[in-house]
Peer 1: 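One structure coming up, written as structure tokens, with questions to follow.
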Amino acid sequence: MSFNTTLAEHLNEMSTLLELTGANRFKIAAFAKAARVAENQTADLSTLDTKDLLAIDGIGKGVAAFIEELAETGEVTDLVSLREEVPAGLAEVLDIQGLGPKTVRQLWQDLGVTDRQSLAKVIDGDEILSLPRMGQKTIDNIKRSLTFASKSNQRLPLGVAARIADKLLERMRETPGVKQAELAGSFRRGRDTIGDIDVLVVTDKEELARAAFCEADDVLDVIARGETKCSIRIEVPTKKGRWKTDPGKKATIGADLRIVPAESFGAALMYFTGSKEHNIRLRERALKQGLTLNEYGLFPDEKGEKGSPQSRGVKPVASKTEKQVYAKLGMPVIPPEIREDLGEIDLEETPKLVELKDIKSELHAHTTASDGHMPLHELVQCAIDRGFHTIAVTDHSRSSVQANGLSEDRLREQREEIEEAKAHFGSKVTILAGSEVDILADGSLDYDDDMLAELDIVVASPHAALTQDPKTATKRLLRAIEHPLVHIIGHPTGRLINRRPGLEPAMDELIAAAVEHDTALEINSHWMRLDLRDTHVRAAVSAGCKIAIDCDDHMPEDFDNLRFGVSTARRGMLTPELCVNAWSKTKLHKWLKSKR
DNA sequence: GCCGTTTTCGGCCCGACTGTTTTCAGTCG
């Protein structure tokens, strides 16, 4: 595990333990924010000196000392003593829906609850009723929540959440009275995992909308059903492709419906799309301009007045569209994917990020020759149907035995088949003969250079030895990046979301080498991978590194994963200029040939 | 604990819903 990941875990643990001891809420938030900052740094924070640490937004004297102590000793004294004070199992009690720090603290100190088991025991007793604000309904709610998986572990991969979110959105749009409906939240931001699904609607038949939402397919539980907000919990299919839940565990995801007035739609969409941190920054900005921002609009800030501005009938200065609200805040429209408070607040104009429609080629795809489900002709036809100018055939190399990797003889035979397909499809699309060649554990490639030189395109990817230590992994990947015949590094870390962490190379070194050797790094669009991940893309883009967005297609529907790759790219602020798949045919092929 | 175009001290976003209350605390996003 990289230092930054370990650090983020320690900072998060610190924040949670402080919460359970009833510490100052701003202190709690400061550690949580520092954890997020640590996760988003590409430079190894253990190597920075105090001055550089303090220069990072969100890191002050306290956190800097925390980082330095962790780097030097592998542990942090303050954290260790908190661990002694707070029972280890209490954090998982805090993870239960509906239980916050105040209640958990009370359960712990008054009733001796130390983990979920002991909570389950006291919940049926009479003593629990003696706690303040604790009645039968609250107890029933806790009981119900106890049966669901913990909040923290249930973030779903983007692609799994997408199926549920798309269906829910369609259902709402088909509901009579609904004028407008959109998805917001982390789904709209395109995060690689989704905690819950936010749906916004404008309707003149509110009760119908509430009913359509609360009675949707696979709803397990209605948590809240108010005037403007409904909360439900939906059962997730336990299997989707190669993704499945842990045996015996039911996966669920929460979904919130917000019914908003048409004239507030833009403000509401902003409010429910931005990350918490992005929203706080916007509201602070509003206050500095003598305005106040909420989900109903941007209002003149009438200090001292009681109640919300909209409830007093104050007219907003902007509310109907996101564009209007951002404009009145003196900002360009910020693309949803980067509303994370990672520097976007200070942008002076809307960045031109790569879009789905910009993608004109697929450079990583498999056929039945290795482990794909599509014969060559079907794969090519899929690319034509998408309007791509180029499709690369990149079956697995010989060492990927489990994927029926091609021997050099079989790879040469495939060339003949490709020549035949070129003749058949003519000018409709350019077919490239390539390979997804294994990067072996030592960084050497799975075919001889003579073989690689015969190919139009080489995607080099790690498939085995994915538990190597960071140093070895860095060396291994650097060797592949520096190889003169390699065009693209496929899924550079080999991570599988929620399943395996993959390699943790020194990403800044890889990026520097990729720039120097004109090698592209891939964003693998499959929702189980999304590798490179957003933070890596961001670092790569700012270094001027070329990026490929590919689907690693094995079957026709894999082409649909492109939207996830593109949202990951946008989160990394990738522009079409640096995205090789967005290039014209001429430009792309010129680059490919430059390595031959 | 962090931070500064009113501040090095004193702030730190805003509203909905629920359940327990009878005016609001806790939780959530």
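Naming convention: chains lettered A, B, ... in sequence-line order (proteins, then strands); numbering from 1 in each chain.
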Peer 1: Of the nucleotides dT18(B), dG29(B), dT27(B), which one has an atom closest to the side chain of N141(A)?
Peer 2: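 Nearest listed nucleotide: dT18(B).
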Peer 1: Any base atoms under 4.0 Å from D57(A), or only sugar-phosphate, or nothing? Heavy atoms, all strands.
Peer 2: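 Result for D57(A) = sugar-phosphate.
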Peer 1: Check each residue of residues 255-269 of chain A for a non-hydrogen atom within less than 4.0 Å of any atom in DNA chain B, then write out the ones that pass by number, or none.
Peer 2: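 Heavy-atom cutoff 4.0 Å gives D256(A).
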Peer 1: Sequence neighbours left out, what passes ring-ring contact (aromatic ring centres under 6.0 Å, His included) with F272(A)? Give chain and number order.
Peer 2: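 Once residues adjacent in sequence are excluded, F272(A) has no partner under the ring-ring contact (aromatic ring centres under 6.0 Å, His included) criterion.
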Peer 1: Would you say K276(A) reaches dG29(B)'s phosphate, i.e. side-chain N/O to OP1/OP2 under 4.0 Å?
Peer 2: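 False: K276(A) side-chain N/O out of range (4.0 Å or more) of dG29(B) OP1/OP2.
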Peer 1: Between dG15(B), dC12(B), dG26(B), which nucleotide gets closest to the side-chain atoms of K102(A)?
Peer 2: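 Closest nucleotide to the K102(A) side chain: dG26(B).
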Peer 1: Using Watson-Crick or G-U wobble geometry with both distances under 3.5 Å, which nucleotide pairs with dT8(B)?
Peer 2: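 dT8(B) is unpaired by these criteria.
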Peer 1: Using a heavy-atom cut-off of under 4.0 Å over every strand shown, decide if K61(A) touches base, sugar-phosphate, or nothing.
Peer 2: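 Sugar-phosphate contact only.
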Peer 1: Would you mind classifying the nucleic acid contact of R225(A) as base, sugar-phosphate or nothing, using non-hydrogen atoms under 4.0 angstrom?
Peer 2: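 Here R225(A) touches the backbone only, sparing every base.
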Peer 1: Would you mind classifying the nucleic acid contact of I59(A) as base, sugar-phosphate or nothing, using non-hydrogen atoms under 4.0 angstrom?
Peer 2: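 If one applies the 4.0 Å heavy-atom cut-off, I59(A) turns out to touch the sugar-phosphate alone, with no base involved.
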Peer 1: Here's a test for you: under salt bridge (charged side-chain N to carboxylate O under 4.0 Å, His left out), which of R36(A), R339(A), R189(A) qualifies with E277(A)?
Peer 2: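 For E277(A), the salt bridge (charged side-chain N to carboxylate O under 4.0 Å, His left out) test succeeds with only one of R36(A), R339(A), R189(A), which is R36(A).
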Peer 1: What is the nucleic acid contact for Q136(A), judged by heavy atoms within less than 4.0 Å: base, sugar-phosphate only, or nothing?
Peer 2: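 If one applies the 4.0 Å heavy-atom cut-off, Q136(A) turns out to touch the sugar-phosphate alone, with no base involved.
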Peer 1: Considering non-hydrogen atoms only, spot the tightest contact between E235(A) and L220(A) and give its length.
Peer 2: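 Taking E235(A) first and L220(A) second, the nearest heavy atoms are OE1-CD2, 3.5 Å.
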Peer 1: May I ask you to say what G185(A) touches in the nucleic acid, namely base, sugar-phosphate or nothing, with a heavy-atom cut-off under 4.0 Å?
Peer 2: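 Result for G185(A) = nothing.
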Peer 1: Looking at the side chain of V63(A), which of dT27(B), dC17(B), dC2(B) is the nearest nucleotide?
Peer 2: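 Closest nucleotide to the V63(A) side chain: dC2(B).
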Peer 1: Less than 4.0 angstrom between a side-chain N/O of T103(A) and OP1 or OP2 of dT27(B), yes or no?
Peer 2: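 Indeed, a polar side-chain atom of T103(A) lies that close.
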Peer 1: With a cut-off of less than 4.0 Å, is there a side-chain N or O of Y296(A) near OP1 or OP2 of dA16(B)?
Peer 2: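 Yes, such a contact exists.
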Peer 1: Which pair of non-hydrogen atoms, one from V314(A) and one from P300(A), has the smallest distance, and what is that distance?
Peer 2: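 Closest heavy-atom pair between V314(A) and P300(A): CG1-CD, 3.8 Å.
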Peer 1: Nearest to the F31(A) side chain among dG1(B), dG15(B), dC17(B), which nucleotide is it?
Peer 2: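 Per side-chain heavy atoms of F31(A), the pick is dG1(B).
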Peer 1: Checking side chain to side chain contact (heavy atoms under 4.5 Å, CB included) against L90(A), which of L20(A), L119(A), L107(A), T21(A) comes through?
Peer 2: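 When L20(A), L119(A), L107(A), T21(A) are each tested with L90(A), the side chain to side chain contact (heavy atoms under 4.5 Å, CB included) holds only for L20(A).
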Peer 1: Does the side chain of S231(A) get closer than 4.0 angstrom to OP1 or OP2 of dC17(B) through an N or O atom?
Peer 2: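 S231(A) to dC17(B) OP1/OP2: no side-chain N or O under 4.0 Å.
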Peer 1: Quick check on dC14(B): is either OP1 or OP2 less than 4.0 Å from any side-chain nitrogen or oxygen of T292(A)?
Peer 2: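 For dC14(B), OP1 or OP2 has a side-chain N or O of T292(A) closer than 4.0 Å.
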Peer 1: From dG29(B), dG15(B), dT20(B), pick the nucleotide closest to the side chain of N294(A)?
Peer 2: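 It is dG15(B).
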Peer 1: Counting any heavy atom closer than 4.0 Å, what does P132(A) reach on the DNA or RNA strands: base, sugar-phosphate only, or nothing?
Peer 2: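 Nothing, no heavy atom under 4.0 Å.
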Peer 1: So, the side chain of R258(A) versus the backbone of D198(A): is there a donor-acceptor pair under 3.5 Å, distance only?
Peer 2: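 Here the side-chain-to-backbone pair does not exist.
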Peer 1: If you look at every strand shown and take non-hydrogen atoms under 4.0 Å, does I28(A) touch a base, only sugar-phosphate, or nothing?
Peer 2: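 The answer is nothing, as I28(A) stays clear of every strand by at least 4.0 Å.
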Peer 1: Does the side-chain hydrogen bond (donor to acceptor under 3.5 Å, both in side chains) test come out yes or no for R155(A) and T193(A), once each step is laid out?
Peer 2: CA-CA 6 Å; R155(A) 291 190 70 88; T193(A) 59; 2.8 Å; yes
Peer 1: Return whichever of D198(A) or I223(A) has its heavy-atom-nearest nucleotide of DNA chain B closer to the 5' end.
Peer 2: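 Final value for this comparison: I223(A).
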Peer 1: Would you say the side chains of S2(A) and N4(A) form a donor-acceptor pair under 3.5 Å?
Peer 2: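 Note: S2(A) and N4(A) side chains miss the donor-acceptor criterion.
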